[in-house]
Amino acid sequence: MSGKPFLFLSARPEVEAVGPEYESVRRAMGVDAGRLEHVRLDVDPLGDVSLDAYAGIVVGGSPFNVTTPESGKHEVQRRVEADLTRLAEQAVAADSPLLFTCYGIGVLTRLLGGEVGTTYGEDAQAVEIRLTADGSTDPLVGALPERFDALVGHKEATDRLPVDAVLLASSAGCPVQIYRVGTRVYATQFHPEVSTSDFIARAQVYRHHGYFPASELREVGERLAAASVTEPQRMLRRFAELADSDPRG
C-alpha cells in the first residue's frame with residue numbers, strides 16, 4: 001500500500017449534490033475520508049497538482065457539457081475545463097492513475113483528438129454495459145463481468161474514439177462507455193460510483209436540467225429503484241487497489 005492520499009475533483013455547482021457524490025466515490029473506493037482529499041473545481045481553481053503526491057485521482061460528473069458553444073459557457077465552466085484539460089495532459093504524459101467519469105470523458109476525448117457530440121446521449125436509467133475483448137483482459141475493467149448494468153444520464157458522449165485510446169466497454173445506445181489511454185488513464189461515460197438510491201437522490205437534484213422531463217421524476221425513480229446495479233462500484237475499488245499496489249507509485 002502506497003499510503004499516499006487519493007484526490008477527488010468535483011465540478012457540480014449544485015451544492016446539495018456535492019457531498020453525496022463525494023461519499024459515493026469514497027464508499028465505492030473503500031477508503032476513509034482522511035485518505036480522499038476533495039477539491040470543488042466549481043469553487044476553487046485547481047492550481048498546480050503534483051501527480052506524485054497522490055496514489056490516484058478521480059474526477060466526478062457535472063451538469064456541464066463540453067459541446068456547449070464556447071459563447072454559451074459560463075466562465076466557471078471554461079475554467080473547470082481548462083483545469084481538467086491541463087490535468088489530463090499531465091496524467092497522460094506521466095501515465096499516472098486518473099479516472100474520469102461522465103462529464104470528464106468529454107474533456108479527455110477532445111484533448112486527445114476524438115469527437116464529442118449529442119448523438120449518443122442516454123436518459124437517466126440503468127443500461128447493460130458490455131466489455132470488449134480488450135476490456136475483458138484489462139487490469140482494471142477486467143475485474144467486472146462481461147455484461148453488467150450501470151447507471152447513466154448524459155446529453156453528450158464520445159462520437160469518435162481518440163486514435164490512441166483503447167475501447168473497453170460499450171452499451172447498445174452509446175458505443176463508448178469506457179476507454180483507456182496508456183496503462184493508467186481511464187474514462188467512463190456511466191457513473192461507477194452510485195447505487196440506485198444515490199442516483200434517485202441525484203435525479204431529484206437535477207430534475208430541471210433536461211436529463212428527463214421533470215414531470216416524470218416519480219416514474220424515473222421507480223424505474224431506477226427496480227434496477228439491479230451491483231457491479232460498477234467494484235471498478236472504483238479496483239482503481240484504488242491498483243493505484244496502491246503499482247510499484248511506480
Side-chain angles (χ1 to χ4, degrees), residues 5-49 53-66 68 73-88 91 97-108 122-125 150-156 186-212 214 217 220-221 224 229 232-233 235-237 239-240:
F6 288 90
L7 177 62
F8 174 62
L9 302 175
S10 64
R12 294 185 184 276
E14 300 76 23
V15 66
E16 62 269 43
V18 176
E21 183 183 35
Y22 171 85
E23 281 302 316
S24 294
V25 170
R26 185 197 63 75
R27 185 176 62 243
M29 290 179 71
V31 298
D32 60 40
R35 232 191 134 203
L36 183 60
E37 297 182 11
H38 181 199
V39 174
R40 285 189 61 182
L41 296 180
D42 61 299
V43 174
D44 298 309
L46 183 57
D48 294 327
V49 174
Y54 296 99
I57 299 173
V58 176
V59 179
S62 176
F64 297 151
N65 292 286
V66 300
T68 300
K73 291 179 181 177
H74 188 276
E75 62 180 314
V76 171
Q77 180 177 350
R78 290 195 292 269
R79 175 174 56 74
V80 168
E81 287 182 10
D83 282 345
L84 290 178
T85 298
R86 179 166 48 84
L87 175 68
L98 174 62
L99 174 60
F100 281 105
T101 67
C102 201
Y103 164 65
I105 195 173
V107 175
L108 184 62
E122 294 176 296
D123 293 338
Q125 60 184 308
L151 295 162
V152 300
H154 54 99
K155 300 174 186 177
E156 62 185 16
Y186 291 84
T188 75
Q189 184 62 74
F190 65 86
H191 291 277
E193 79 282 7
V194 284
S195 65
T196 52
S197 59
D198 294 334
F199 210 53
I200 290 169
R202 189 176 294 174
Q204 175 73 29
V205 175
Y206 289 103
R207 64 191 183 279
H208 296 300
H209 283 68
Y211 295 103
F212 56 86
L217 176 63
V220 169
L224 292 171
V229 180
Q233 294 179 24
M235 184 176 176
L236 278 165
R237 178 68 64 101
F239 178 80

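- Within the 4.5 Å cutoff, no side-chain heavy atoms of His191 are placed close to those of Asp198.
- A salt bridge does not link Asp123 with Lys155: every distance from a Lys NZ or Arg NE/NH1/NH2 to an Asp or Glu carboxylate oxygen is 4.0 Å or more.
- Taking 4.5 Å as the limit, some side-chain heavy atom of Val49 sits within range of a side-chain heavy atom of Tyr54.
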Item to complete: List the steps, then state whether side-chain contact (heavy atoms from CB on, under 4.5 Å) holds for Val58 with Phe100.
Response: CA-CA 6 Å; Val58 176; Phe100 281 105; over 6 Å; no
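- For Arg86, the salt bridge (charged side-chain N to carboxylate O under 4.0 Å, His left out) partners two or more places apart in sequence, or in a different chain, are Asp83.
- At least one side-chain heavy atom of Phe6 sits less than 4.5 Å from a side-chain heavy atom of Arg35.
- Rounding to the nearest 0.5 Å places CG of Leu36 at 7.5 Å from CG of Leu7.
- Panel note: side chain Ser10, backbone Arg12; no donor-acceptor pair is recorded below 3.5 Å.
- With contacts defined as side-chain heavy-atom distances shorter than 4.5 Å, the pair Gln233/Met29 does not qualify.
- Side chain of Ser62 to main chain of Ala11: a donor-acceptor pair is present (N/O by atom type, distance under 3.5 Å, no hydrogens or angles).
- Using a 4.5 Å heavy-atom cutoff, the side chains of Tyr103 and Glu81 are in contact.
- Here the shortest heavy-atom pairing between Ala187 and Leu108 reads CB-CD2, 3.9 Å.
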Worksheet item: Stepwise, does the salt bridge (charged side-chain N to carboxylate O under 4.0 Å, His left out) test hold for Arg26 with Glu23?
Response: CA-CA 5 Å; Arg26 185 197 63 75; Glu23 281 302 316; 3.1 Å; yes
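- Considering CG of Leu9 and CG of Asp44, their distance stands at 11.5 Å, rounded to 0.5 Å.
- Rounding to the nearest 0.5 Å places OH of Tyr211 at 14.5 Å from CG of Leu217.
- Note that CG of Leu224 is 11.5 Å distant from CZ of Arg202, once rounded to the nearest 0.5 Å.
- The two atoms that bring Leu98 and Ala91 nearest to each other are CD2-CB, 3.6 Å, heavy atoms only.
- Heavy-atom minimum distance, Phe190 versus Met235: CZ-SD, 4.2 Å.
- Residues Leu99 and Val59 are not in side-chain contact: their nearest non-hydrogen atoms beyond the backbone lie 4.5 Å or more apart.
- A distance-only check finds a donor-acceptor pair linking the side chain of Arg79 to the backbone of Leu41 [under 3.5 Å].
- The stretch residues 9-28 participates, sequence neighbours left out, in these ring-ring contact (aromatic ring centres under 6.0 Å, His included) pairs: Tyr22-His38.
- Taking the six-membered ring for Trp and thresholds of 30 and 60 degrees, His209 and Tyr206 have ring planes more than 60 degrees apart, a perpendicular arrangement.
- Contact of the Phe239 side chain with the Pro192 side chain is not registered, since no non-hydrogen atoms from C-beta on lie closer than 4.5 Å.
- The minimum heavy-atom distance between His154 and Cys102, with the atom names listed, is CB-SG, 4.1 Å.
- Inter-residue side-chain proximity for Phe8 and Val39 is flagged as unmet; no heavy-atom pair is nearer than 4.5 Å.
- Taken to the nearest 0.5 Å, the CZ atom of Phe64 stands 12.0 Å off from the CD atom of Glu156.
- Of the possible donor and acceptor atoms, none in the side chain of Gln125 sits under 3.5 Å from a partner among the backbone N and O of Val152.
- Between the CG atom of Asn65 and the OG1 atom of Thr68 there is a distance of 4.5 Å, given to the nearest 0.5 Å.
- Glu21 approaches Gly61 most closely through the heavy-atom pair OE2-N, 2.9 Å.
- The minimum heavy-atom distance between Ala124 and Val220, with the atom names listed, is O-CG1, 4.2 Å.
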